[in-house]
Visitor: 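Here's a structure for you.
Basis for what follows: all heavy atoms, side chains included, without hydrogens, waters or symmetry-related copies. We're numbering straight along the sequence, starting at 1.
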Amino acid sequence: MEPINESLAAFIAEQTVLTIATTVNDEPHCTPVYFAFDPNNNWLIFKSSSDTKHVEEMSVNPFVAGSILPDHSTVGTTIGVQFKGKVHVCNETHAAAKDIFYKKYPFAIAITGNIWVIQVTFFKFTNNKLGFGKKIVWSRTK
């Protein structure tokens, strides 16, 4: 797997919330979730309860998309990430995911729900700080 751009990885690692978009029967839904990032596997890791609409929809259709914006934005500065991937409930294949998530959010141990992993297949990073309209694109190769 080709590594992602260092500035893209650094930006993602600094953020705390992503918006995940799901769809079932052509009905889109999106929700913000706290997340952690595993740069070695390009996993976006989050925790959600099974009774949420996005988890119900991910159980039917595991292909998701979303965005990551800065926790604090500056007016006039465009910076953010769009992504696509396939979501999986955390299992032995994703053994490191729980540790990564709970290291960033230790309070979440006490919250019910499952750890989920988005195996990212595509990132597009827009960062006008690197030049107007500057985009960095990454796609997973098999």
Visitor: Compare every heavy atom of Cys30 with every heavy atom of Thr19, then report the nearest pair and how far apart it is.
Guide: CG2-CB, 3.9 Å
Visitor: Please verify the inter-ring angle class for Phe46 with His54; under 30° counts as parallel, over 60° as perpendicular, anything in between as tilted.
Guide: tilted
Visitor: So, do Gln15 and Phe35 sit near enough that their side-chain heavy atoms are less than 4.5 Å apart?
Guide: yes
Visitor: Start with the C-alpha gap between Phe83 and Ile12, add the side-chain angles, then the distance that decides, and say whether side chain to side chain contact (heavy atoms under 4.5 Å, CB included) holds.
Guide: CA-CA 11 Å; Phe83 66 85; Ile12 294 170; over 6 Å; no
Visitor: Taking all non-hydrogen atoms of both residues into account, name the closest pair between Val120 and Arg140 and its distance.
Guide: O-NE, 2.8 Å
Visitor: For Phe37 and Ile68, run side chain to side chain contact (heavy atoms under 4.5 Å, CB included): C-alpha distance rounded to whole Å, both residues' side-chain angles, the deciding distance at 0.1 Å, then the answer.
Guide: CA-CA 11 Å; Phe37 179 55; Ile68 304 167; over 6 Å; no
Visitor: Would you say the side chain of Ile45 lies within less than 4.5 Å of the side chain of Ile115, judging by non-hydrogen atoms?
Guide: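 Contact flag for Ile115/Ile45 side chains = yes.
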Visitor: So do Lys53 and Thr31 actually touch side chain to side chain, heavy atoms under 4.5 Å?
Guide: no
Visitor: Please examine the side chains of Ser7 and Asn127, heavy atoms only from C-beta on, and report whether any two atoms are closer than 4.5 Å.
Guide: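 No. Closest side-chain heavy atoms not under 4.5 Å.
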Visitor: Looking at Phe122 and Ser139, what are the two nearest heavy atoms and their distance?
Guide: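 Result for this residue pair: CD1-OG, 3.6 Å.
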Visitor: What residue among Tyr102, Trp116, Tyr105 forms ring pair (Phe, Tyr, Trp, His ring centres under 6.0 Å) with Tyr34?
Guide: Tyr105
Visitor: Of the non-hydrogen atoms in Lys47 and Ile109, which two are nearest, and what is the gap between them?
Guide: NZ-O, 4.0 Å
Visitor: Which heavy atom of Trp138 sits nearest to which heavy atom of Asn42, and what is that distance?
Guide: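 It is CZ2-ND2, 3.2 Å.
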